[in-house]
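Computation of the quantities below employed the complete heavy-atom set of this structure, encompassing side-chain atoms and omitting hydrogens, waters and symmetry-equivalent molecules. Convention: sequence-line order gives letters A, B, ...; per-chain numbering from 1.
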2 protein chains.
Amino acid sequence: MDEPARLTIGDLARATGTKVVTIRYYEKAGLLPRPPRSARNYRIYAPEHLHRLRFVRRCRALGFTLDQVRELLSLSSRTDRECAEVDGLAKAHQAAVEAKIADLERLAAELRRISNLCQGGRMADCRIIEALSS
Amino acid sequence: MDEPARLTIGDLARATGTKVVTIRYYEKAGLLPRPPRSARNYRIYAPEHLHRLRFVRRCRALGFTLDQVRELLSLSSRTDRECAEVDGLAKAHQAAVEAKIADLERLAAELRRISNLCQGGRMADCRIIEALSS
DNA sequence: CTTGGACCCTATAGCAACTATAGGGTCAAC
DNA sequence: GTTGACCCTATAGTTGCTATAGGGTCCAAG
């Protein structure tokens with residue numbers, strides 16, 4: 001039989017665009033299992049670890065918090081349960097993101113308004129500063 | 001002549017919707033000047049302090065970082081200078097906010113797509129988890 | 001006069017999610 | 001045999017606060 005691929009932490013880092021320290025941080029935070037160690041105490045990873053790290057990174061890229069990722073990971077491992085919980089998490093997060101967008105839209109509009117006040121004079125008459133003071 | 005109004009830190013907090021600890025934090029961070037103290041070592045504020053705190057809070061509400069607020073404050077005090085710098089800061093921040101919105105829009109679209117995959121089965125066949133793993 | 005509650009003070013630790021740094025060991029190539 | 005790219009642990013720093021501990025002050029009601 002084939003030897004299973006043995007990956008170093010640097011391999012995982014390169015394969016996922018994650019910093020080495022961040023991977024170790026995920027391990028401490030309980031998002032990645034502690035891998036076996038070589039005789040010299042180096043971490044030895046298998047393809048499952050890579051897969052799991054990819055999952056974590058993808059969730060993070062989608063804006064889930066580490067807590068939510070932990071939740072998703074634990075749900076995904078209970079293969080006999082309803083997937084409604086996962087769907088709930090995803091939908092709740094989607095709603096949160098949409099709320100955040102609405103927030104930033106208001107903010108951008110205000111910034112546009114303020115930026116347009118500048119007429120290129122001296123600070124003493126700066127309309128922007130004035131607007132920020134109101 | 002009238003006595004100038006003497007405000008406690010609690011007064012400032014109430015007047016601006018800021019927590020007392022946050023005001024002290026701003027002082028340490030150099031955003032507010034150290035006010036004079038009473039005989040019992042209580043901070044004594046004047047209306048200018050209130051004005052300045054409002055400025056800081058408004059900038060923060062608009063999403064400027066404390067560093068940017070410091071910058072805006074220092075620019076606003078040099079009343080003889082061109083206000084182009086302030087305008088530059090405002091426009092740069094506006095651009096950053098708009099970029100963030102675009103980012104979140106992409107994210108929300110992805111989350112909508114993923115959420116729609118759920119068909120209410122068991123975790124083992126969960127399309128969401130699958131999508132997160134890709 | 002004392003007691004209760006609302007205020008004020010400082011200093012330190014905690015939060016998220018990393019990143020940076022110090023101080024060390026390992027290993028392969030030249 | 002030494003350079004440079006790796007690996008390890010542990011701790012401190014980042015941002016913008018918030019929370020907590022442990023104390024002092026002040027005023028009004030009982």
| Is the closest basic N to carboxylate O distance between B:Arg112 and A:Glu98 below 4.0 Å? | yes
Check: With a 4.0 Å cut-off, would you call B:Arg113 and B:Glu110 a salt bridge?
Finding: yes
Keeping the roles fixed (side chain from A:His93, backbone from A:Ala90), state whether a donor-acceptor pair exists under 3.5 Å. no
TODO: Answer yes if the side chains of B:Tyr26 and B:Arg57 hold a donor-acceptor pair under 3.5 Å, and no otherwise.
DONE: yes
Do NZ/NE/NH1/NH2 and the carboxylate oxygens of A:Arg70 and A:Asp67 come within less than 4.0 Å? yes
A:Glu27 atom CD is separated from C:dC18 atom C1', nearest whole Å, by 16 Å
In whole angstroms, the gap separating P of D:dT25 from CD1 of B:Ile44 amounts to 15 Å
* **Salt-bridge contact A:Arg14-A:Asp11 (side-chain N to carboxylate O under 4.0 Å)** => yes
Q) Hey, does B:Gln68 have a side-chain heavy atom less than 4.5 Å from the side chain of B:Cys59? A) no
Rounded to 10°, the helix from C:dC1-D:dG30 to C:dC30-D:dG1 deviates from straight, judged by its five-pair end axes, by 30°
Do any N or O atoms from the side chain of B:Thr22 and from the backbone of B:Thr18 form a donor-acceptor pair under 3.5 angstrom?
no
For nucleotides 6-17 of chain C, 5' to 3', base contacts (B), sugar-phosphate-only contacts (S) and non-contacts (-) with protein non-hydrogen atoms under 4.0 Å give -SSSB-B----B
